[in-house]
2 protein chains.
Amino acid sequence: MAVTIKDVANLAGVSPATVSRVINNSSLVKEETAEKVNEAIDKLNYQINESARVLRTNCSSLIGVIGAGMDNPFLMKLLKGVEASAKAHGFNLIFGDSEGELEQELKYLNILNQRRVDGLIIITASIYNNLLDEIKSKGIPAVFASGYVNDNEIPCISVNNTRAAEDVIDYLYDLGHRKFGIIRGTYSDLVTSGERIKGVKSSFQKHQIDFNSVPIYEGDFSFESGSVAAKKILSDNPETTAIFCFDDKMAIGAIRGAEELGYNIPEDLSIVGFDDIELSSYVKPALTTIHQSGYDMGYQAMEFLNKIIDGEDPGKLKEFLPHELKIRESSGTPPT
Amino acid sequence: MAVTIKDVANLAGVSPATVSRVINNSSLVKEETAEKVNEAIDKLNYQINESARVLRTNCSSLIGVIGAGMDNPFLMKLLKGVEASAKAHGFNLIFGDSEGELEQELKYLNILNQRRVDGLIIITASIYNNLLDEIKSKGIPAVFASGYVNDNEIPCISVNNTRAAEDVIDYLYDLGHRKFGIIRGTYSDLVTSGERIKGVKSSFQKHQIDFNSVPIYEGDFSFESGSVAAKKILSDNPETTAIFCFDDKMAIGAIRGAEELGYNIPEDLSIVGFDDIELSSYVKPALTTIHQSGYDMGYQAMEFLNKIIDGEDPGKLKEFLPHELKIRESSGTPPT
DNA sequence: TTGTAGGCGTTATCAA
DNA sequence: TTGATAACGCCTACAA
């Protein structure tokens, strides 16, 4: 059907082996021969059959990406970073969105394994031990991005979520806030949200605020959930002067929700987000938030993975990228 | 190395052919045998080698997606729609972002062809004839999503961009606006922006507005470009009362840009976007915009592609999904 | 520097 | 209902 290495060989008057050598830039082929072969390739419009190559070499140049809820601007940037690095190293991306469900993740893991991906990038909020075990048992090189993985075999690259959250509460405390509300990610998100909760706790401890007295509500990283949660916090705890949301979209939702209840931001209430998605500078009031670079994170995760695949020493297993508190208009001193 | 069909066959005491039949749910295998085989599969933790299967069957269950600038909320939703339908039909997605550059697109096309993808979904704003020719010459089933393709062999699914743009201008005209500004996509985007420009023209004609007198500026679908373009339009043409942006992000940027110049929206200036991304309801003022469903578009594009791959009659080649003008807070009657 | 031949793991054909 | 066998297209010893 399609034109194969044999057809090229016939036309060029050489053996298939020689054609294969030309394709793979083997140095031990006469320049003259190579030219003949390349002409034949052009003339026949030959396209290599990757499946055959993968079958033979056992190396697919394919990176599997498993993500949870990729219609999230931060994760999308991360994916772009992964892609940029992958492209530079000659990898293609094969991709599945698990929506954070373990079952889906395991299913994709199987599929990607069957396609013999050379490596795995995992971008999920909740990291299940089940998933870790499966990955390890299959022996596929994997790097987690954005979430810290509490396992000393599996590398991950993220921001120091604990420290970042601590920075937020410290900042708000220094402004004079004493009554806080928290809108975290889903409870299944033990990783990212879990780390951030730790940071919140640690700052509270430092400032002798009772963690258990602080209302913590769950959101699902959507505008709507932020709005709903903020309204609940404010009606249940009218004395609240600052809300920390674990994601910019929820924070923007929270601003709208609070405004619907008649609050002015930041005069009556400070709201802080997390991620610094592009939008956050363009909403009104502009959002105070923790900046982290999804693109860099994705890029570096893929660079790291590439080193593992190449058998190089990738350096330390857990890497923190810098974060930065961006103070904008949605936060200020508490009302007196 | 890895466990193969042969190992399973040995353990189960049958031939490789039988194992293959069990894997593929062939009906002509005794239930008893199938059970034995399945046990062996479980025991050995056998995972099929897809490359071998693809090589043999010439069918990869892989859909190639070429997108331009996927860190765009609308396109991201579209991709999710594609994925949902692909999953339902047993396809996996392999994915490349061309950033709208023809060279990249052709390169990805080659790569995807070499991986023997069963079909192609193309989500690009600019559609180059070169690309169309290559796709046709390779004979890979392809569906374009979001952009109308002016070619009577290649199917596409989109919104009626011309009609939608006309709706916007009609609406603004009816409100009393006479001095317009337009922020279009890049000039290389002949498709989507081109179609919308046609609609604008057609409404202008209907209302006897001179198209050539209307300032049209180019943006790149970013917040920033919308802000910059709006400021230029307003300082060059202070009499402008309404700006139509070909994308919500640019529209939101335009709102901020105009505000920086001291305009109140919508009292002094109406701004209308296109897409209705989730965010548009949450900005302030909430954005008047054309709603189109990226998810549906992606889903239906993939459904369409699946039919072509299956050899079914997919129905008409060009499909328009419904659009709707969502009137929110960013538009109103012009200042008197 | 080039060619020959065998095998990667499946599936499809044919025969039993 | 099952098994033997060949073939898919490529790469890689090994031999020439």
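FYI, side chains are in, hydrogens and waters are out, and symmetry mates aren't considered; it's all heavy atoms of this structure. To find a chain, count down the sequence lines: A is the first, B the second, and so on, and within it residues start at 1.
Listed here is the closest heavy atom pair of Asp97(A) and Glu83(B): N-OE2, 2.6 Å.
With rounding to whole Å, Lys6(A) atom NZ is found 9 Å from dA7(D) atom P. Distance CG (Asn10(A)) to P (dC10(D)): 13 Å, rounded to an integer number of Å. Whole-Å rounding puts the Glu31(A) CD to dT2(C) P distance at 11 Å. Atom C1' of nucleotide dC8(D) and atom CZ of Arg116(B) are separated by 11 Å, given to the nearest angstrom. One atom, CG of Asn58(B), and another, P of dA12(C), lie 11 Å apart when rounded to the nearest Å. Put simply, CG on Asp7(B) is 9 Å from P on dG9(C), counting in whole angstrom units.
With respect to the salt-bridge test (charged N to carboxylate O, under 4.0 angstrom), the residues Glu50(B) and Arg53(B) qualify. Using a 4.0 Å cut-off between charged nitrogen and carboxylate oxygen, Lys138(B) and Glu134(B) count as a salt-bridge pair.
For the atom pair CG of Asn49(A) and CG of Leu55(A), the computed distance is 9.5 Å after rounding to the nearest 0.5 Å.
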Nucleotide by nucleotide, nucleotides 11-16 of chain D touches protein heavy atoms under 4.0 Å in the pattern (B base, S sugar-phosphate only, - none) BBB---
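Ser60(A) contributes a side-chain N or O that, together with a main-chain N or O of Arg116(A), makes up a donor-acceptor pair within less than 3.5 Å. At distances below 3.5 Å, at least one donor-acceptor pair connects side-chain atoms of Lys318(B) with backbone N or O atoms of Ile154(B).
Minimum atom distance to the side chain of Asn49(A) is reached by dC10(D), of the listed dG3(D), dC10(D), dG9(C). Distance from the side chain of Val14(B) is smallest to dG3(D) among dG3(D), dT1(D), dT2(C).
Using a 4.0 Å heavy-atom distance criterion, Val54(B) is classed as making no nucleic acid contact.
Toward the 5′ end of DNA chain D lies the nearest nucleotide of Thr33(B), the other residue of the pair Leu55(B) and Thr33(B) mapping further downstream.
For Thr4(B), no side-chain nitrogen or oxygen approaches OP1 or OP2 of dG9(C) to under 4.0 Å. Taking 4.0 angstrom as the limit, Ser15(B) places none of its side-chain polar atoms (N or O) nearer than this to OP1 or OP2 of dA4(D).
Dense packing is recorded around CD of Glu312(B), with more than 12 heavy atoms of other residues, nucleotides or ligands lying under 6.0 Å away.
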